[in-house]
Amino acid sequence: MRSKIAQKKEATVVEKVVSLAKRRGFVFQSSEIYGGLNGCWDYGPLGVELLRNIKEEWWKFMTFREDIEGLDASILMHPRVWQASGHVDNFSDPMIDCKQCKSRYRLDTLSDLVNQKRKKKTINALKEALGDGNEGVEKINSFFVNSDAEGEAKLDDVFEHILEDEVLSRLMLKHLNCPNCGNAESFTEPRSFNLMFKTFVGPVESTENTVFLRPETAQGIFVNFLNVQGASRQKLPFGIAQIGKAFRNEINTKNFLFRTREFEQMEMQYFVKPEDDKKHYDTWKEARIQWFKDLGMTAEKLRFHDHPADKLAHYAKEATDIEYQFPFGWGEIEGIHNRTNFDLSKHQEFSGKSQQYYDDETKEKFVPFIIETSAGASRSFMAFLVDAYSEEEVKGETRVVLRFHPKLAPIKVAILPLVNKDGMPEIARKIEADLRPHMKVFYDDKGAVGRRYRRQDEAGTPFCLTVDTQTLEDNTVTVRERDSMEQERIAIDDLLVHLIRKMK
RNA sequence: GCGGGAAUAGCUCAGUGGUAGAGCGCAACCUUGCCAAGGUUGAUGUCGCGGGUUCGAAUCCCGUUUCCCGCUCCA
């Protein structure tokens with residue numbers, strides 16, 4: 001158990017990182033000069049490099065192999081896609097909250113929590129409040145008359161009908177006490193929590209022109225399954241990888257980049273024979289956590305969180321999250337799911353187009369199973385950033401270092417003339433020009449060299465090259481390593497090879 | 001969506017009704033001799049935003065936005 005002091009200290013780590021992120025140009029708040037936009041963030045000069053490097057490493061990991069193809073699907077898709085996927089239906093349920101005890105209820109299941117006696121009392125109270133001859137009362141009476149249900153079920157039926165009526169449900173909720181805490185008049189207005197952003201195709205804002213910003217990139221892969229398979233002549237098992245933005249109209253945003261309304265996903269959907277699902281699921285599960293470790297993320301701060309069978313999503317047979325221990329607690333950075341043939345079957349059903357795969361060996365047609373690896377690029381960014389952040393005491397001063405893996409570091413090498421004279425700047429500029437085509441470099445000749453080192457530490461630059469007096473004599477420079485602060489002398493001619501080797 | 005806290009220079013913060021401040025950072029020039037510590041000069045604020053009270057508001061009141069924490073939610 002963590003103490004309050006420990007929690008407080010941990011909380012400040014996020015604050016420090018947010019502060020550093022802004023100061024050094026990793027992350028800015030969106031539309032800051034207008035007061036910001038809730039849950040949206042912009043990646044600055046260093047941030048965009050880090051994010052690109054993360055995505056680049058993922059892309060190479062996924063597609064530099066024989067059995068995975070790349071894809072970049074449109075963000076806007078046919079609205080039927082989201083009906084087939086279940087996103088439209090599953091997330092349009094109106095909800096209410098109890099202001100007293102903070103319980104949340106789905107309006108369509110609220111009836112189950114209210115007993116007969118209470119229902120009767122509530123309906124009567126509603127009718128009384130409306131008054132005789134009122135339209136609403138007549139409507140309620142017609143619910144009774146038209147209900148096919150018998151006996152007690154009839155009351156349930158009517159109660160549910162009232163809840164489904166937009167006007168009557170609001171009125172009835174005023175007479176219904178919270179099933180949990182029993183308080184009266186403590187419900188909020190019913191609200192729909194559809195997580196998808198809507199917009200319109202074409203200039204007319206009408207229902208039939210409504211499309212959604214995708215809430216996940218996966219569906220773009222699923223609907224292109226046969227296109228990709230045919231074009232690439234792949235055979236099962238094979239995967240499709242995609243990186244792209246997705247949008248969810250979250251109720252609450254939270255924890256810096258962790259829960260945002262616009263975010264980026266790195267998804268790879270692996271299509272397999274149904275009987276091989278377990279094997280591939282296990283393989284990908286291990287491969288994905290190893291990826292984070294190989295890029296320097298602290299192994300002790302990574303774990304699996306397997307979803308128990310009774311809490312699986314409607315499409316999943318088996319699921320796990322890769323979680324990172326953020327300062328605010330464990331949080332998912334990637335999900336690995338066995339999605340079965342749910343998605344392709346649904347699209348087959350809704351589109352009327354066969355999504356079956358023909359196996360030449362067994363001469364069988366079937367809808368493949370899908371093993372999904374779905375990583376959050378934005379969340380990974382935050383995890384890598386937080387994980388890299390460190391402070392240490394050096395001669396009584398605090399040294400702030402971002403210990404990025406060299407592959408992820410926004411700037412790979414800083415080139416520093418020790419002093420701005422004796423021809424050192426000229427040599428340093430020459431080195432800069434030679435290295436720049438190969439990697440992101442930064443030239444700095446301002447102020448004392450120690451200060452320049454520290455500035456690079458804060459940006460996470462793994463190597464600093466310093467041109468000094470000895471350079472003038474033997475054409476070597478010092479290569480200063482970020483984490484150890486140790487230096488070695490390397491001949492200028494060997495620099496490129498040396499650095500590339502160091503960055504592996 | 002509910003409750004609590006916060007918002008003043010790029011960052012960290014002081015400023016309880018009377019001229020907008022400090023440290024660090026940043027920029028220019030000088031000086032340099034390997035880990036943020038020399039010198040000189042300089043820039044930067046609608047005190048989150050909008051109303052109100054007041055002769056006068058960063059300060060008091062109301063609203064609002066954003067961030068953080070807790071609850072809730074997270075297919």
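Only this structure's heavy atoms are used, side chains among them; waters, hydrogens and symmetry mates stay out. To find a chain, count down the sequence lines: A is the first, B the second, and so on, and within it residues start at 1.
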Reading RNA chain B from 5' onward, which residue's closest nucleotide shows up sooner: A:Val467 or A:Leu37?
A:Val467

Between A:Thr469 and A:Val18, who's closer to the 5' end of RNA chain B by nearest nucleotide?
A:Thr469

Go through A:Leu435 and A:Lys412 one step at a time and tell me if the side-chain contact (heavy atoms from CB on, under 4.5 Å) criterion holds.
CA-CA 10 Å; A:Leu435 292 181; A:Lys412 309 301 184 191; over 6 Å; no

Using the [atom1] atom in both, what is the distance from [N] to [M], to the nearest Å?
| N | M | atom1 | value |
| --- | --- | --- | --- |
| B:rC11 | B:rG70 | C1' | 28 Å |
| B:rC26 | B:rU66 | P | 32 Å |
| B:rA7 | B:rC49 | C1' | 11 Å |
| B:rG3 | B:rC24 | P | 43 Å |
| B:rG25 | B:rG63 | C1' | 36 Å |
| B:rU44 | B:rA20 | P | 15 Å |
| B:rA6 | B:rU16 | P | 15 Å |
| B:rA27 | B:rA43 | P | 16 Å |

Under 3.5 Å donor-acceptor pair, A:Arg480 side-chain atoms to B:rC34 base atoms:
no

Could you tell me how far apart [X] ([atom1]) and [N] ([atom2]) are, to the nearest whole angstrom?
| X | N | atom1 | atom2 | result |
| --- | --- | --- | --- | --- |
| A:Asn420 | B:rU32 | CG | C1' | 9 Å |
| A:Asp444 | B:rA27 | CG | C1' | 13 Å |
| A:Tyr453 | B:rA36 | OH | P | 11 Å |
| A:Glu32 | B:rC11 | CD | C1' | 12 Å |
| A:Asn249 | B:rC73 | CG | P | 18 Å |
| A:Arg399 | B:rA37 | CZ | P | 15 Å |
| A:Arg23 | B:rG10 | CZ | C1' | 9 Å |
| A:Asp445 | B:rG33 | CG | P | 16 Å |

Watson-Crick or G-U wobble partner for [N], using a 3.5 Å limit on both distances?
| N | value |
| --- | --- |
| B:rA57 | none |
| B:rU40 | B:rA28 |
| B:rG50 | B:rC62 |
| B:rC34 | none |
| B:rC67 | B:rG5 |
| B:rG23 | B:rC11 |

Mind checking whether A:Arg288 and A:Trp58 have side chains closer than 4.5 Å, heavy atoms only?
yes

Residue pair A:Glu392 / A:Met485, side-chain heavy-atom distance below 4.5 Å
yes

Does a nitrogen or oxygen in the side chain of [X] sit under 4.0 Å from OP1 or OP2 of [N]?
| X | N | value |
| --- | --- | --- |
| A:Asn38 | B:rC67 | yes |
| A:Lys22 | B:rC11 | yes |
| A:Arg24 | B:rG10 | no |
| A:Asn255 | B:rC67 | no |
| A:Arg451 | B:rC34 | no |

If you count the non-hydrogen atoms of other residues, nucleotides and ligands that lie under 6.0 Å from CZ in A:Arg52, is the total more than 12?
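Not more than 12 within 6.0 Å, no.
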
Assess whether atom NZ of A:Lys55 is packed by more than 12 heavy atoms of other residues, nucleotides or ligands within 6.0 Å.
yes

Walk me through whether A:Arg23 and A:Glu458 qualify under salt bridge (charged side-chain N to carboxylate O under 4.0 Å, His left out).
CA-CA 10 Å; A:Arg23 186 158 44 83; A:Glu458 238 182 21; 3.2 Å; yes

Closest listed nucleotide, where the reference is the side chain of [X] and the choices are [options]:
| X | options | answer |
| --- | --- | --- |
| A:Gln29 | B:rU66, B:rC34, B:rC68 | B:rU66 |
| A:Leu418 | B:rC34, B:rA75, B:rA36 | B:rC34 |
| A:Val419 | B:rU32, B:rC35, B:rC34 | B:rU32 |
| A:Pro215 | B:rU66, B:rC35, B:rA75 | B:rA75 |

Counting the atoms with a prime plus P, OP1 and OP2 as sugar-phosphate, which does [X] contact under 4.0 Å by heavy atoms, base, sugar-phosphate, or nothing?
| X | result |
| --- | --- |
| A:Ser19 | sugar-phosphate |
| A:Asp422 | base |
| A:Gln487 | base |
| A:Arg248 | base |
| A:Gly39 | sugar-phosphate |
| A:Tyr34 | nothing |
| A:Lys421 | base |

List for me each residue that meets salt bridge (charged side-chain N to carboxylate O under 4.0 Å, His left out) alongside A:Glu372, sequence neighbours excluded, and say none if there are none.
A:Arg339

Which atom pair, heavy atoms only, marks the closest approach of A:Glu267 to A:Ala218?
OE1-N, 2.6 Å

According to the side-chain hydrogen bond (donor to acceptor under 3.5 Å, both in side chains) rule, which pairs have a member within residues 376-389 of chain A, sequence neighbours left out?
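Residue pairs with at least one partner in residues 376-389 of chain A: A:Thr298-A:Asp387, A:Tyr324-A:Asp387, A:Tyr389-A:Glu391.
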
